[in-house]
Protein chains: 2
Amino acid sequence: MAVNGHAVNGDAGTPESNVDVLIIGAGPAGLMAAAWMAHCGVKARIVDKRGTKVFCGQADGLQVRSLEILESLGFADRVWKEANHMIEICMWNPGSDGIIRRSDRIPDTIVGLSRFQQIVLNQGRMERFFLDNIAKHSKNTIQVERGVLPESLEIDESKVEDDSAYPVTVKLRHLTEEEATPAQQISASKVSDGLFRSNLVKEDDEDDLIRKSQSRPGTGEVVHAKYVIGCDGARSWTRRALGFELQGEATDFIWGVMDIIPITDFPDIRMRCAIHSAENGSLMVIPRENKLVRLYIQLKEVVPDESGRADRSKITPEIIFAAAQKILSPYKIDYEYCDWWTAYQIGQRVGTNFDAHERVFLAGDAVHTHSPKAGQGMNVSMQDCYNLGWKVALVARGIAKRNILSTYQSERRRVAQDLIDFDHRFSRLFSGRPAKDVMDAEGVSMEVFKDAFEKGNLFASGLSVNYGPSPLVLKAGDASAQGDGSKVVAAPSTSGDAFAKAQALAPGLPVGMRFNSYKVLDQASARPWHFQEKLKADGRFRIILFAGNVLSASQKPRVDRFCERLNAPDAFLRAVTPKDAPIDSVIEVLTVHAAKRTETELLRDFPEILHPFDKHTGWDYDKVFVDDVSYHEGFGNAYGNYGIDKERGCVVVARPDQYVGYVGELEDFDALQKYFEGFLVFPSAAAS
Amino acid sequence: MAVNGHAVNGDAGTPESNVDVLIIGAGPAGLMAAAWMAHCGVKARIVDKRGTKVFCGQADGLQVRSLEILESLGFADRVWKEANHMIEICMWNPGSDGIIRRSDRIPDTIVGLSRFQQIVLNQGRMERFFLDNIAKHSKNTIQVERGVLPESLEIDESKVEDDSAYPVTVKLRHLTEEEATPAQQISASKVSDGLFRSNLVKEDDEDDLIRKSQSRPGTGEVVHAKYVIGCDGARSWTRRALGFELQGEATDFIWGVMDIIPITDFPDIRMRCAIHSAENGSLMVIPRENKLVRLYIQLKEVVPDESGRADRSKITPEIIFAAAQKILSPYKIDYEYCDWWTAYQIGQRVGTNFDAHERVFLAGDAVHTHSPKAGQGMNVSMQDCYNLGWKVALVARGIAKRNILSTYQSERRRVAQDLIDFDHRFSRLFSGRPAKDVMDAEGVSMEVFKDAFEKGNLFASGLSVNYGPSPLVLKAGDASAQGDGSKVVAAPSTSGDAFAKAQALAPGLPVGMRFNSYKVLDQASARPWHFQEKLKADGRFRIILFAGNVLSASQKPRVDRFCERLNAPDAFLRAVTPKDAPIDSVIEVLTVHAAKRTETELLRDFPEILHPFDKHTGWDYDKVFVDDVSYHEGFGNAYGNYGIDKERGCVVVARPDQYVGYVGELEDFDALQKYFEGFLVFPSAAAS
C-alpha cells in the first residue's frame with residue numbers, strides 16, 4: 001500500500017535504518033507510548049515536527065486513573081506535588097432576580113473512589129516528567145527527535161504477519177529550526193498568544209512546513225519500522241496518510257479559554273465552578289497551580305458562518321474576557337498576567353479505524369476529538385497508549401502473539417465512543433441557557449445539570465472503563481459484539497455460569513476493569529504498600545495468588561499443590577520464561593495471604609516459587625504480602641474489600657496495564673494455563 | 001586572633017574576595033547550612049577538601065524530625081520514596097539453651113508520633129538531593145567547590161560586633177585532582193573498601209594534603225567572610241584552627257559495619273533487629289534500600305592496645321563477617337556483594353565551644369561524636385545547622401540582631417550532651433553480654449534493654465528537643481542556666497505564672513518545641529494540608545492566629561482588634577518589613593479558624609491583613625485555613641489536638657525552624673511586639 005503519493009526508495013544519498021517502533025508525535029499520547037518502550041526495553045524512536053515541547057497552556061486535567069497510571073511508571077509523586085488539587089465543585093446559577101449565586105457544593109472526586117483525587121497541572125510539566133522518565137528507563141536511548149516531519153508512509157502488506165519483518169516504511173525529513181517553530185501571533189494585550197494552536201486555525205502550518213522541507217533535498221531519511229504509532233493530534237498526518245477519517249460533527253457552541261492570575265472579588269475563584277448566567281452564557285472556573293486560574297468562557301456573540309466555522313478574526317482576548325466579566329457580574333474580575341489563551345468550537349468526532357493491518361496505530365486526538373471542559377482529553381489520549389504500548393512492546397519482543405493487537409481497537413474505540421456521548425450530553429447541558437422555572441422547556445434545568453455532573457464524575461475518573469471479552473480478558477460474552485467494527489480474536493469460550501462462578505470468588509475485582517487497590521503489608525518487612533504500587537508498568541503479567549489462610553491445615557495443601565503445578569517444567573510459567581532469564585521475567589507471581597503476619601514466616605510457610613532464590617542476591621523478599629493491620633497506616637482489609645474468602649482465597653491475573661484478565665480457583669490451573677496459551681509465545685520445547 | 005600559625009596577607013598574586021558566609025565541609029551538616037543560605041538569598045560559598053561527594057556507605061538513618069525538616073526544604077518526598085522504611089524492631093536473645101530466638105517485636109517509630117516514620121537511605125543520595133535543592137533555590141549561585149582546603153583562619157576581634165564588617169579571613173588552597181582523592185585500600189575480597197573513612201585511621205590524609213598543597217604556591221585565595229561555619233567532621237580542621245577540643249572518652253567496644261546483599265535463612269533480615277548472642281557479642285540488622293542490609297557487628301576478638309586504640313591491621317572484612325556469622329549461628333549468612341564496610345571504636349565526645357566570637361561556628365561531628373548505631377549522627381548534624389543556618393542568614397541580611405547567634409550553642413550543646421548520654425547508656429546495654437538469669441549481675445538484662453530501647457525511641461525521633469528560654473523562646477526559667485557555659489542574652493522577663501497561663505492556651509504547642517502538625521483545610525480551596533507544610537524553610541517568622549469561631553459575635557471583634565493593631569503603621573509587622581517589600585517578607589501571618597468552612601468566606605469574614613491584596617496578583621488565597629472535616633482525608637482536629645479553645649483561639653509564633661517561640665492571647669499584643677523587638681531589626685523610622 002503506497003500512500004500519500006510518495007514512493008519510498010533508498011537511493012544512495014538517503015540514510016536507511018530499522019527500528020522496532022516509530023512513534024509520530026510527542027504529546028502526552030506519544031510520550032506514553034515511548035514510556036512503555038523504555039520500560040519494556042524495546043528499540044524505539046519518537047519524532048515530533050515541532051522544535052520544542054509545550055511550555056504552557058493546553059490540556060491540564062488529570063483524572064484518578066491517569067494518576068494510577070503515572071504511578072505505575074514512577075512519577076505520579078512529581079505530578080501530585082506540583083499540581084493544584086481540585087477538591088470541591090461549586091455550582092452557580094441565577095436566582096429569581098437573575099443574579100448568580102452559589103446553589104450547590106459537591107466533592108470533585110467521588111469520596112472513597114481511590115487514593116488519588118482529580119488534579120490539574122499544565123501539559124508542559126507533564127511532558128517534562130515523561131521526558132525525564134523515558135530518559136531514565138531507556139538509559140537515554142529514547143529521546144524525542146524534534147523538528148522531524150514524516151513525509152510518506154508505506155505498508156508492505158505481504159509482510160504484515162511476519163514477526164521478523166519491518167513492513168512499514170516511513171520517510172522523515174529533518175527541518176531547520178525556523179521551519180520547526182510555528183509562527184506565533186503577537187497579541188496587542190499583555191498576554192502570550194495561543195490561538196495558533198486552536199482548532200479554529202486552518203491546517204496551514206504543517207502543510208507549509210511540508211512544502212518548505214520538500215524544497216530542501218538531502219535532509220531526509222528512510223526508516224523501516226515493525227510498528228508505527230501515530231499520536232500526532234487532531235490534524236494527524238498519520239491518519240491522513242492512511243486515508244482514515246474522523247466521523248462526527250461540530251456544534252454551534254464557541255468557547256474561549258484563558259489561563260490568568262485573576263484579580264477578583266468572586267468568592268469561589270479557587271474552587272472548580274460551573275457558572276450558568278441568566279442570559280450571558282456559561283463559564284467554568286478551573287483553579288490551577290502557581291496562582292493561575294483557567295476560565296472556560298462561552299462566547300455567545302461569536303457565531304459560525306455558513307460553512308459551520310467561526311470567524312477567527314473576531315476572537316481576541318478582549319472579546320473573551322469581556323464575555324467572562326459579563327457572566328460573572330455583579331462580581332468584578334480583572335487580570336494583569338495571562339499565561340495562555342485560545343478559542344475553540346465544540347465538536348465530537350471519532351475515527352473509523354484505529355489501526356491499519358495492526359502495524360500502524362492511531363491514538364489520542366488522532367482518533368477522537370471532543371470539548372476540553374470535562375478534563376478528559378489528555379487522560380484518554382494517554383490511556384489509549386497505556387493500553388496499546390505494552391501490547392506492541394510484547395509482540396515486538398516476541399513475548400506475545402500478534403493476536404493481542406486487535407484488542408487495541410476493540411477496547412479503546414468503545415471508550416472513545418463513550419467519551420463522545422458523555423461530552424455531547426455534558427456540553428449541551430453546560431452551554432444551554434438555564435431554565436427560568438419548571439415551565440421553561442427550552443432552558444436547562446439546574447437539577448438535571450447537577451445530577452448529570454454527579455453521575456459524570458465516575459466516568460470522568462476513568463475508573464468505569466470495562467473491557468470486553470478477548471484473549472486477554474477471560475469473561476463471558478460475545479467477543480465480536482464489542483469489537484465496534486473491528487475483528488477480535490475470540491476469547492477462550494467461557495460459559496456465563498462458569499464465569500459468574502469464577503467472578504464470585506472476587507467480586508471486587510471485576511474481570512475487564514482495573515485492579516482496585518487496598519493497603520497490604522510486606523510479609524518480610526511489615527511495610528504497608530498500596531497493592532497497586534506493586535503492579536509496575538514493566539510489561540509483565542502478574543498472577544496474584546490470594547493464598548487465604550496459609551496456616552490452616554486445609555488450605556496449606558491447596559497452596560502447595562497450586563505452586564507445584566506452577567513450578568512444573570511443562571507448565572506455562574517456565575515455558576514462557578526465556579532460557580537463563582529469571583523466573584519472574586514474563587509473569588511475576590505475587591502472593592497476598594490472610595493469616596496473621598506475626599504468626600507467619602516467609603521462608604517457612606511459603607513454597608519457594610512464591611519468593612524465588614537467586615544465588616547472587618538470596619531470597620526475594622518483595623513478593624509475599626499479608627492482609628493485616630499496620631502500625632501506622634491502618635488496615636487495608638483487602639480480602640474484605642475484594643470480597644475474597646479469607647480461608648480459601650483465589651487466583652487473579654493482572655495484565656501489564658493493571659486490568660484484571662482472569663479470576664479462578666486455586667484448582668483451576670488448566671484454565672489458567674489455557675488463558676496464557678491464548679496469547680503468549682511458548683518458546684520452550686517443553687511447552688504444549 | 002591569628003590562628004594556625006599563618007598570617008594572612010593579600011599579596012599581589014593571591015586573589016581576594018568577600019562573602020557573607022563561608023561553609024567548610026559539604027557533608028549533611030554543611031549542605032544544610034548551604035540550603036538555608038540558598039533559601040534565604042544569602043551570598044555564600046561551600047568548600048570541601050574531597051574531590052567528590054559520598055556515593056555509598058556512611059550514615060543512613062533518618063529520624064522523623066529530619067524528615068519534617070527536609071519537607072520544609074522541599075525534598076522529603078524524594079527521600080521518602082527511595083528510602084527503606086523501617087517498621088518493626090525484632091529483639092533476638094539467647095534462650096535457656098543458649099540459642100538465639102526472637103523474644104519481642106516493637107514498632108520502630110512510636111505510633112501516632114508523626115506523619116513520618118524512621119527510614120534509612122545512604123548518605124550519598126541525601127547529598128544528591130541537597131545539591132539539587134541548593135542549586136534550584138540559589139539559582140546555581142551556590143555550588144560545592146570540591147578539592148578546596150582551608151589553610152589558615154584569622155578573626156579580627158576589633159570588628160566582630162560590626163554588622164557591616166567581614167572579620168573572618170580564611171586562606172583557601174585549590175587542590176589537584178590527585179590531592180583531592182583520598183587513597184583507598186583495595187580489599188582482597190570482592191568488596192569496596194571504606195576503612196579509610198574510619199575513625200581508627202590516623203589523621204594523615206588531610207595533613208598529607210596540606211603538606212602537598214603548601215608546596216604548590218600560586219593556587220591559593222583569600223576569602224573575607226562575615227561568618228564561617230565549620231562542618232568538617234570529627235577531625236575538623238576548623239575546630240583545630242580555633243584551638244577548641246572535644247571532651248569525652250573512647251570505650252573498649254570495637255564494631256565493624258558492612259553494607260551487603262545477604263544470602264541467609266535468618267527470618268528477620270528485612271526487619272531492624274537487635275541481636276544479643278550468648279557469648280559471641282551483639283549484632284544490629286538495618287535493612288536498607290536496593291536489597292542491601294547494613295550489619296553492625298561487635299568485634300569481641302579485637303581489643304584496644306595500651307594507648308586505647310585498636311590495632312587497625314587486624315580488622316578485615318573477613319574478620320568482621322566471621323564475627324557476624326558466629327553471632328547469627330545457627331542461622332547461616334553469606335554474601336557476594338558488599339557495597340561498603342568500615343570499623344570503629346565507640347567514643348562519646350562533645351565540644352567545649354560551639355563558636356568563636358559568634359563569627360565562626362562548629363556543627364555536626366566537628367563538635368560531637370558518638371556511636372552510629374542509634375541512627376542519630378546525620379540527623380543531629382543536620383539539625384545543628386537547621387538551628388544555626390537561618391540565624392546566620394537573618395543576621396547577615398540585617399533582619400535579625402546579632403544577639404540570636406548565642407542561642408546556637410545554648411540550644412544545641414544541650415542536645416549534643418543528651419545525645420551522648422543516650423548513646424552511652426544505649427551502647428553499654430547493646431555491647432554487653434546478655435544476663436544468663438536474674439542472678440547474673442554482670443550481664444545485661446534483656447528486659448532492661450527492651451525498656452531502654454522503647455524509651456529511647458522518643459529521643460531517637462528527634463521530637464523531644466525542647467529549647468530553653470532566650471530572646472527567641474519566650475518562656476519562664478533562667479536563660480543562663482541552660483546556656484551550658486556560654487553566654488545567653490536574657491529573654492524578656494516572664495513570670496512562671498504568666499507563662500503557665502499563656503502556655504495553657506495551647507498546651508499541645510509547648511514553647512521551645514517543634515510545631516506539631518495536624519491537617520487543616522485551605523479556606524479558599526478546601527484542600528487539606530498538614531499544617532507544617534505551610535511552615536516552609538524560607539527564613540520567615542510566622543504568627544499563627546488561631547482565630548477561633550470568627551462567626552461568633554463575641555469573637556469577631558477580638559479578631560478585628562488584633563488585626564487592627566497588627567496592621568498599625570507603628571506596630572512591629574510594618575516596622576520590620578523593608579520599604580516596598582510585601583507585608584509578609586519578614587513575618588508571615590497565617591490563620592487557622594474553627595468556624596464551619598462552608599459558612600465562612602475568606603473575603604467577607606477576615607480582615608485584609610490576613611489575606612493581603614497585591615495589585616498584580618489579587619488576594620492571597622493561601623494564608624487562611626480552617627479546622628474542619630475534609631472530603632478525602634478525614635478530620636485533623638487541630639484545635640482539639642493543640643488544646644486550643646475553639647471559640648477564643650490564641651496567637652502562636654513559629655520560628656523559621658518551626659520551633660514555637662511564643663504563645664499568648666489575642667489581647668497580648670504588647671507582649672508580641674516586645675518579643676519581636678527583642679531580636680528583630682526595626683529599620684523603619686516608625687518603629688519604637
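Given the structure is predicted, the values throughout are model-derived calculations rather than measurements. We name chains A, B, ... by the order of the sequence lines, and we start the count at 1 in each one. Reckoned from all heavy atoms, side chains included, excluding hydrogens, waters and symmetry mates.
- Only the side chain of A/Lys81 comes within less than 4.5 Å of a heavy atom in chain B; its backbone stays farther off.
- Atoms CZ and CG, on B/Phe613 and B/Asp620 in that order, are 11.5 Å from each other to the nearest 0.5 Å.
- At a 4.5 Å heavy-atom cutoff, the contact between A/Thr264 and chain B is made by backbone and side-chain atoms alike.
- Proximity to chain A (any heavy atom under 4.5 Å) is restricted, for B/Ile106, to the backbone atoms N, CA, C and O.
- When all heavy atoms are compared, the tightest approach of A/Gln118 to A/Ala460 is OE1-O, 4.4 Å.
- For the pair A/His593 (side chain) and A/Ala595 (backbone), a donor-acceptor distance under 3.5 Å is present.
- A/Ile110 touches chain B through its backbone: at least one of N, CA, C or O sits under 4.5 Å from a heavy atom, while the side chain does not.
- Neither the backbone nor the side chain of B/Arg115 comes within less than 4.5 Å of any heavy atom in chain A.
- In terms of the side chain to side chain donor-acceptor pair (under 3.5 Å) criterion, residue partners of B/Tyr631 (sequence neighbours excluded) are, by chain and number, A/Glu88.
- Contacts between A/Ile269 and chain B at a heavy-atom distance below 4.5 Å involve the side chain alone, from C-beta outward.
- For the set B/Ile263, B/Ile261, B/Asp108, B/Asp77, the count of heavy-atom pairs under 4.5 angstrom toward chain A peaks at B/Ile263.
- Interface remark: A/Arg102 contributes side-chain atoms only to the contact with chain B (heavy atom separation under 4.5 Å).
- A salt bridge does not link A/Glu588 to A/Lys536: none of the charged nitrogens lies less than 4.0 Å from a carboxylate oxygen.
- Applying the salt bridge (charged side-chain N to carboxylate O under 4.0 Å, His left out) test to residues at least two apart or on different chains, the pairs with a partner in residues 519-534 of chain A are A/Lys519-A/Glu633, A/Lys534-A/Asp622.
- For the atom pair CZ of A/Arg294 and CE of A/Met284, the computed distance is 12.0 Å after rounding to the nearest 0.5 Å.
- Contacts between A/Pro107 and chain B at a heavy-atom distance below 4.5 Å involve backbone atoms as well as side-chain atoms.
- Looking at B/Asp132 and B/Arg128, a side-chain N of the basic residue comes within less than 4.0 Å of a carboxylate O on the acidic one, giving a salt bridge.
- Chain A forms more heavy-atom pairs under 4.5 Å with one residue of B/Glu601, B/Arg270, B/Arg78 than with any other, namely B/Arg270.
- The contact between A/Leu603 and chain B is made entirely by side chain atoms (from C-beta outward), counting heavy-atom distances below 4.5 Å.
- Taking chain B as the reference chain and counting heavy-atom pairs below 4.5 Å, the highest number among A/Leu521, A/Thr598, A/Asp265, A/Asn84 is found for A/Thr598.
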